[in-house]
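Given the structure is predicted, the values throughout are model-derived calculations rather than measurements. Whatever order the structure lists ligands and atoms in, that order sets their numbers, starting from 1.
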Amino acid sequence: MTIEVIPQTMGQQFGRRSWAEPWKIKMVEPIRMTSQADRERAIVEAGYNTFLLRSVDVYIDLLTDSGTSAMSDRQWAGLMLGDEAYAGSVNFYRLEEAIRNYYGYKHVVPTHQGRGAEHLISQAVIKQGDTIPGNMYFTTTRLHQELAGGTFVDVIIDEAHDPSSEHPFKGNIDLDKLQTLIDRVGAEHIPYISLAGTVNMAGGQPVSMANVKALRQLCDRYGIRIYLDATRMAENVFFIQEREPGYADVPIATLLKEFCSYTDGAWMSAKKDHLVNIGGWLAVNDHEVFDKARNMVVIYEGLHTYGGMAGRDMEALAIGIEEAVQDDHMRARIGQVRYLGDLLIDWEIPIVCPVGGHAIFLDAKRIYPHIPQDQFPAQRLAAELYLDSGIRSMERGVVSAGRDPESGEHRYPALELVRLTIPRRVYTQAHMDVTAEAVKAIYDDRERTRGLEMVYEPEYLRFFQARFAPLKD
Ligand code: PM9
């Protein structure tokens, strides 16, 4: 038998070099294919809200990248090292060390997930009547700021609100807008800048190193703190490495620590970047703020050495922190998101550009220009995608934006989007192909589709639980 030797230069002959995942699959979780009739029943039962679907009725679940990642064999092994002591667990100290190592902050408070940390930082530093400037709102973040008596003001660059702008750092703060705001409300009424990397609601768009450095200088002039929503910060620094001059050869781990060094602390939903199914933390440099947060955590989350997590969760998280900042992991992670984005761009389907870190965002305003925003075009688009092929996505438009607390009116964001969120290390390229083809089918059928009316609306974070019914012609 002769064995054909494939020349080393084969890839070059094809004129391309592909990325591939730096892992192989050891265990699989079967998923159920559904029929059209199953899906019609399920979406009606769910009130046309993809959050209310049962996961057993979902084929490819792109609702969120939150807590949906696949853990590595090292993380699963770490679960067996859980020290479930009520106080002073070994795993807490491992976690604290990992956060100090990779993020550089001095003091760590564990929480059950991101919003637990948002609650602590908001209650610890916001006073009634304060203003919190930030680079676009996030649903839970803004609500905690409002519940603590503050008002969030968006100071992101204008390009972030334009889905077709190709600006490489659409998450940047507009320093002129921030200066104008400081002049108007006074620095003493600004407890901190709420800086997110990447910016979820803008399409997973990054903040540049130059922007955070300039922000630091401006804030230092007024003694204003900067707190980072570090939920997808490892993804953010991938874009710095790729796009910002001078950083191409700097490892992601180094860039992450440098970026954080310009901030005073961070809150984290570890369910994203950190490759775990549950967990979060708050970390700050200021001892006084730490002291308040550490005291509050025992009221709302659990003792300050577990904060709502089991010891085994903290171990898996400590390992995930290290895995998240590996360059080859991040290249494959963003590579997969881009693979899906490129298919849609090739078919001229309107999406937010450039493609961001964790998801593809379909532009419902351009897909359904005939559906007014108060008939929830993105909510309808998410429902249509599910009906077509059992793919679950998430509305990120007028429903997510909620109502203005003063006027009670809907907030109408410039971006009316559907998010196809890619869990980390879970789906294959074939799943991305199936997803792109489903989106194409919905897009081709767009003119026939009508809007929705909201028939039930909860008071807080309505997108999770609101119910809708289709409007007739
Ligand atoms: N993000 C997401 O799907 C979870 C459900 S939607 C509220 O994108 C940022 C940037 C997030 C985030 C959650 C949280 C809250 C804070 N900041 O969900 O409480 O994307 O862990 O984190 C979701 P937790």
Check this for me - ligand 1, [X], N or O atoms closer than 3.5 angstrom, yes or no?
X: Trp267; result: no
X: Arg232; result: yes
X: Thr139; result: no

Can you tell me the protein heavy atom closest to [atom] and the distance?
atom: atom 24 (P) of ligand 1; result: Gln113 NE2, 3.2 Å
atom: atom 17 (N) of ligand 1; result: Asp229 OD2, 2.7 Å
atom: atom 22 (O) of ligand 1; result: Ser269 CB, 3.2 Å
atom: atom 16 (C) of ligand 1; result: Glu118 OE2, 3.1 Å
atom: atom 12 (C) of ligand 1; result: Phe138 CE2, 3.2 Å

Beyond-backbone contact of Trp267 with Thr141, side-chain heavy atoms, under 4.5 angstrom: yes
Contact check, His358 vs ligand 1, heavy-atom distance below 4.0 Å: no
Looking at Lys272 and Glu235, does any basic side-chain N land under 4.0 Å from a carboxylate oxygen? no
Measure from NZ or CZ of Arg396 to the centre of the six-membered ring of Phe463, then state whether that distance is under 6.0 Å and the direction lies within 45° of the axis. yes
Taking the minimum heavy-atom distance to atom 15 (C) of ligand 1, which of Thr140, Thr64, Thr231 ranks first? Thr140
With a 6.0 Å cut-off on the ring centroids, do His144 and Tyr300 count as close? no
Using the side-chain hydrogen bond (donor to acceptor under 3.5 Å, both in side chains) rule, pick out the option among Tyr227, Tyr105, Tyr192 that qualifies with Thr263. Tyr105
Residue among Arg366, Gln373, Lys365 satisfying side-chain hydrogen bond (donor to acceptor under 3.5 Å, both in side chains) with Glu416: Gln373
Val352, Thr198, Asn172 screened by side-chain contact (heavy atoms from CB on, under 4.5 Å) with Gln205, the one that passes: Val352
Can you list the atoms of ligand 1 that are under 4.0 Å from a heavy atom of [X]?
X: Lys272; result: 1 (N), 4 (C), 12 (C), 13 (C), 18 (O), 20 (O), 21 (O), 22 (O), 23 (C), 24 (P)
X: Met394; result: 3 (O)
X: Lys271; result: 21 (O)
X: Arg419; result: 2 (C), 3 (O), 8 (O)

Take a 6.0 Å sphere around CD of Glu166 and say whether it holds more than 12 heavy atoms from other residues, nucleotides or ligands. yes
Give the contacting part of Arg115 toward ligand 1: side chain, backbone, both or neither, where contact means a heavy-atom distance below 4.0 Å. both
Side chains of Arg39 and Thr34: donor-acceptor distance under 3.5 Å anywhere? yes
Judged by atom type as modelled, is there a donor-acceptor pair below 3.5 Å linking the side chain of Arg380 to the main-chain atoms of Tyr368? no
